[in-house]
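The structure appears right after this line, and notes come after that.
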Amino acid sequence: MVRGKLHQISTTGGLLNVEKPLDEKLRLELIFHLGETTIRETVEMMFPMWATQGWLQPFRFIDLPETTKKALEANLLSYVQRLQDRNS
C-alpha cells in the first residue's frame, strides 16, 4: 500500500504526489474519493518527475468503465461549477 496526494485528475488519468516514485508501467488499484463518489480503478503509472517535496507521478486509467467515467466527469464538473460560483 502506498499513500499519496491526488494533485490533478481527469477522466483519462491524473497526477499523484508521492514520497517515493513508483515504477513506470506498474499497474495498481487506485482508490480515492471525489465528492460522494468513491473511485476504485486500475491505473498504469507513467514516468515520475521530481518535485520540491517528493515526486509527481502521472497515471492513466486502464479500461475505465463508462459508468465510472460518467460519475467522475459529473463530479469534476460539479466541483468546477462550485469554484466558479464562489469566485463570481
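What you see below is based on every heavy atom in this structure, not just the backbone, and it leaves out hydrogens, waters and symmetry mates. Quick note: residue numbers are just sequence positions, from 1.
Of the possible donor and acceptor atoms, none in the side chain of Ser78 sits under 3.5 Å from a partner among the backbone N and O of Ala74. Within the 3.5 Å criterion, the main-chain N or O of Met46 finds a donor-acceptor partner in the side chain of Gln57.
Contact check for Leu30 versus Ile39: no side-chain heavy atoms found under the 4.5 Å cut-off. Considering only heavy atoms from C-beta on, Thr67 stays 4.5 Å or farther from Lys70 through its side chain. Within the 4.5 Å cutoff, no side-chain heavy atoms of Gln81 are placed close to those of Leu77.
Surrounding CD of Glu19 are at most 12 heavy atoms belonging to other residues, nucleotides or ligands under 6.0 Å away. In the displayed structure, Asp23 atom CG is contacted under 6.0 Å by at most 12 heavy atoms of other residues, nucleotides or ligands.
Residue pairs meeting the ring-ring contact (aromatic ring centres under 6.0 Å, His included) criterion with at least one member in residues 45-67, sequence neighbours excluded: Trp50-Trp55, Phe59-Phe61.
Every residue was checked against the side chain to side chain contact (heavy atoms under 4.5 Å, CB included) condition with Gln53, not counting sequence neighbours, and none meets it.
In terms of hydrophobic clustering, with Ile, Leu, Val, Met, Phe, Trp and Tyr side chains grouped at heavy-atom distances under 4.5 Å, Val2 and Leu28 are assigned to a common cluster. Hydrophobic clustering of Ile, Leu, Val, Met, Phe, Trp and Tyr side chains at less than 4.5 Å, counting indirect connections, keeps Tyr79 apart from Phe32. A continuous path of ILVMFWY side-chain contacts below 4.5 Å connects Leu16 to Leu22, so both sit in one hydrophobic cluster.
Between His33 atom NE2 and Asn75 atom CG the span is 12.0 Å, to the nearest 0.5 Å.
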Could you check Leu34 against Leu76 for side chain to side chain contact (heavy atoms under 4.5 Å, CB included), going step by step and ending with a plain yes or no?
CA-CA 8 Å; Leu34 185 61; Leu76 289 172; 3.8 Å; yes
For residues 6-15, run the donor-acceptor check on the side chains, cut-off 3.5 Å, and write out each pair with its distance to 0.1 Å, sequence neighbours left out.
| residue | atom | partner | partner atom | Å |
| --- | --- | --- | --- | --- |
| Ser10 | OG | Thr12 | N | 3.2 |
| Ser10 | OG | Thr12 | OG1 | 3.0 |
| Ser10 | OG | Gly13 | N | 3.3 |
| Ser10 | OG | Gly13 | O | 3.2 |

